[in-house]
Amino acid sequence: AAPFSLNGKSQPKPSSANESIAFNFGGPVRFKKLITGDKWFFYVNFTNHEGRSASNQVSTVPNAAERAGDFSAVTKMVTVGGVRQSVPLVIYDPANNTPFPNAVIPTARIISNPAVVGLLSYFPQPTYPGLTTQNYAIAESTPAMSNSVGVRLQGPITAKDRLSLNQQYNRSSSTSEQLFGFDDKSHGYGLSSTLGWTHIFKPRFNNNASLAFSRNISQATPYFAYRSNVEGDLGIAGPDTSPIDYGPPTLSFTNFGSLQDGAASLTRTQTTSFTDTVTYVAHKNHNLSFGLGYRRMQNNLLSFAGARGSFAFGGQQTEGLNPDGTPVANTGYDFADFLLGYPGTANLRTGNDNNYNNYSNYFRGWAANAYAMDDWRVSRGLTLNFGVRYEYFSPYTEIYGHLAGLDINPAFTAVDVVTAGGTGTYFGKYPASLVNGDPHLFSPRFGFAWRPSQKANRLFRGGYSIFYSGSSY
């Protein structure tokens, strides 16, 4: 079926497709004179997915006359006597607060700003020239790929010891297309390794320990990266000049689609964890468990979001001003603001000195826990579960001290900026994480399962517990 048309015009139908392949196999491991008796087993699995996603985008772009500064054909809807009607657009010259004759900006005023002339080339021409709004459409078919492979190996090494190894690897890549046809790429991979060891002291007394490591990397590369220093060539001062951050600034409008592409970024997360659990069955009806765990986390972020800067145009700069300073009603136009080089707002990320440390954050944190549980079978129809768990979440620190907060006085009438490990005016010395962890996170556990009659299937279950999360850090 043809895609739904927002502007009444036919649009091309983008292609879409999906293909998935998967297989797995496994069996005993046999090495002559080394591993015999089908005690060790291996498993291998593989999946692959490739596809293309279809989508349509519709927006408004300036036509040839508007790109040349001629807004004589533009009208605005106003309400006169309770009736909605269109009136010709009136735009004012910000230099002298007088209207441009016939709403036409002189060409000399436009070409005098090389940044405006250069950025105009990145706006596409209308695909439906006969329309004044919704005159541009783009049909996208963006590819994506992901695959993964996993290997598991397990078996005994002695009569009382057993090992297991689980190795997983995956990778992915995708493309996203912006409104004006700029393709941004992203790709990444992840791996995880788990080594498990089980030791049996006695038939009812055993220990399970595991060591796990995981690492994930994802990178986003915008369309203009490593191509040409657009802002530098156009004389726009201030933005970052790293080749990965090349490209035009983000331009947003009230009446037109925005000029933008993605932001370069690189994320690397890594976790190393160890857990150990001891299980002991006492008096045949108490299943006791004792355990502990420790995790070490890394979260390394490199982001260039906002490093090119952004400009927003809303028409306020070409509005007329009354003698009292209030704007003249129904005047001004966003694209006229752009052609004259007067944005309504501008934003730029600070620290743009081609130093990656200004865009990087290297967070470090850890967490630990310990618990004890008793699964007590009181009778054939009643089982009770008691336990307690302790957890501690260390707030994240940043290895270069890239953390800052607010030091507020007790009356909330004054404030000061404090950095990692610094001393505040009102609350004294701050830790490297700016906040302290909570060392009192004890979690009680209680549960029951009760079957009133062994002859019926009616079963009642209930429980109570407290759970804590370190996500707030």
Side-chain angles (χ1 to χ4, degrees), residues 216 218-220 222 231 236-242 244-245 249-250 252 258 260 262-271 294-312 314 316 343-369 390-443 466-473:
N216 291 277
S218 61
Q219 182 172 6
E231 292 181 300
I236 301 176
D240 178 59
T241 57
S242 304
I244 194 175
D245 204 31
T250 296
S252 58
S258 299
Q260 64 180 0
S265 66
L266 175 62
T267 301
R268 298 186 297 270
T269 60
Q270 179 175 300
T271 302
Y294 177 81
R295 298 196 319 272
R296 184 72 183 178
M297 293 86 71
Q298 296 185 15
N299 193 4
N300 304 324
L301 307 175
L302 172 64
S303 175
F304 288 86
R308 287 194 212 156
S310 62
F311 300 93
Q316 295 88 351
T345 60
N347 293 280
L348 179 66
R349 182 172 176 173
T350 58
N352 297 331
D353 57 2
N354 206 17
N355 184 348
Y356 274 29
N357 280 338
N358 290 324
Y359 306 101
S360 304
N361 290 296
Y362 299 88
F363 296 107
R364 300 292 184 268
W366 61 272
N369 64 80
Y390 174 78
E391 295 181 279
Y392 179 78
F393 302 97
S394 172
Y396 274 93
T397 60
E398 207 282 329
I399 61 176
Y400 292 109
H402 291 175
L403 292 175
L406 297 178
D407 184 41
I408 306 174
N409 72 341
F412 288 88
T413 58
V415 65
D416 193 12
V417 176
V418 63
T419 56
T423 301
T425 304
Y426 309 105
F427 283 90
K429 185 68 175 179
Y430 279 77
S433 57
L434 291 181
V435 295
N436 293 311
D438 188 349
H440 307 101
L441 303 182
F442 288 92
S443 307
I466 297 176
F467 294 91
Y468 294 103
S469 172
S471 60
S472 58
Y473 296 129

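Computed over heavy atoms, backbone and side chain alike; hydrogens, waters and symmetry mates excluded.
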My understanding is that only residues two or more places apart in sequence, or in another chain, count here; which of them pass side-chain hydrogen bond (donor to acceptor under 3.5 Å, both in side chains) with Ser394? Trp366
Test of understanding: with ring pair (Phe, Tyr, Trp, His ring centres under 6.0 Å), list the residues that count as partners of Phe427, not counting sequence neighbours. none
Check whether Ser469 reaches the backbone of Ser471 with its side chain - one donor and one acceptor, N or O, closer than 3.5 Å. yes
Please, which pairs that meet salt bridge (Lys or Arg N to Asp or Glu O under 4.0 Å) have at least one residue in residues 390-401, sequence neighbours excluded? Arg389-Glu391
Spatial distance of atom CG (Asn369) from atom CZ (Phe393) [nearest 0.5 Å]: 8.0 Å
Those residues that, when tested against Pro343, pass side-chain contact (heavy atoms from CB on, under 4.5 Å) (two or more places apart): Phe311, Phe313
Arg296 and Arg364, any side-chain heavy atoms less than 4.5 Å apart: yes
Partners meeting side-chain hydrogen bond (donor to acceptor under 3.5 Å, both in side chains) with Asn216 (sequence neighbours left out): none
What's the separation between atom OG in Ser252 and atom CD in Gln260, rounded to the nearest 0.5 Å? 8.5 Å
Are side-chain heavy atoms of Met297 and Asn299 found at a separation under 4.5 Å? no
So, using side-chain contact (heavy atoms from CB on, under 4.5 Å) as the criterion, who are the partners of Val417 when residues are at least two apart? Leu406
About how many Å separate OG1 of Thr241 and CD of Glu231, when rounded to the nearest 0.5 Å? 10.5 Å
Heavy-atom closest pair (Ala368 atom, Tyr294 atom, distance to 0.1 Å) is CB-CD1, 4.2 Å
Partners passing side-chain hydrogen bond (donor to acceptor under 3.5 Å, both in side chains) against Asp416 (at least two apart in sequence or in another chain): Thr425
For Phe442, ring pair (Phe, Tyr, Trp, His ring centres under 6.0 Å) partners two or more places apart: Tyr390
Sorted by chain and residue number, the salt bridge (charged side-chain N to carboxylate O under 4.0 Å, His left out) partners of Asp407 (sequence neighbours excluded) come out as none
Minimum heavy-atom distance Ala404-Leu434, with the two atoms named: C-CD1, 3.4 Å
Can you list everything that forms a side-chain contact (heavy atoms from CB on, under 4.5 Å) with Ala411? Sequence neighbours excluded, please. Asn409, Thr413
Tell me whether Ser443 contacts the main-chain N or O of Ile466 through its side chain, where contact means a donor paired with an acceptor under 3.5 Å. yes
Between Tyr468 and Asp438, is there a side-chain heavy-atom distance shorter than 4.5 Å? no
Between Ala263 and Ala305, which heavy-atom pair has the shortest distance, and what is it? CB-CA, 3.8 Å
So do the side chains of Arg308 and Thr250 get within less than 4.5 Å of each other, counting heavy atoms only? no
Might you point out which heavy atoms bring Leu348 and Ala307 nearest each other, and give the distance in Å? CD1-O, 3.5 Å
Can you sort out the partners of Ala220 under side-chain contact (heavy atoms from CB on, under 4.5 Å), two or more places apart, ordered by chain and number? Ser265
On a heavy-atom basis, which atom in Ala432 and which in Leu403 lie closest, and how many Å separate them? O-CD1, 3.6 Å
About how many Å separate CG of Asp245 and CZ of Arg349, when rounded to the nearest 0.5 Å? 9.0 Å
Residues which pass side-chain hydrogen bond (donor to acceptor under 3.5 Å, both in side chains) with Arg268, listed by chain and number, not counting sequence neighbours: none
For the student: nearest non-hydrogen atoms of Val418 and Gly424, plus distance: CG2-N, 4.1 Å
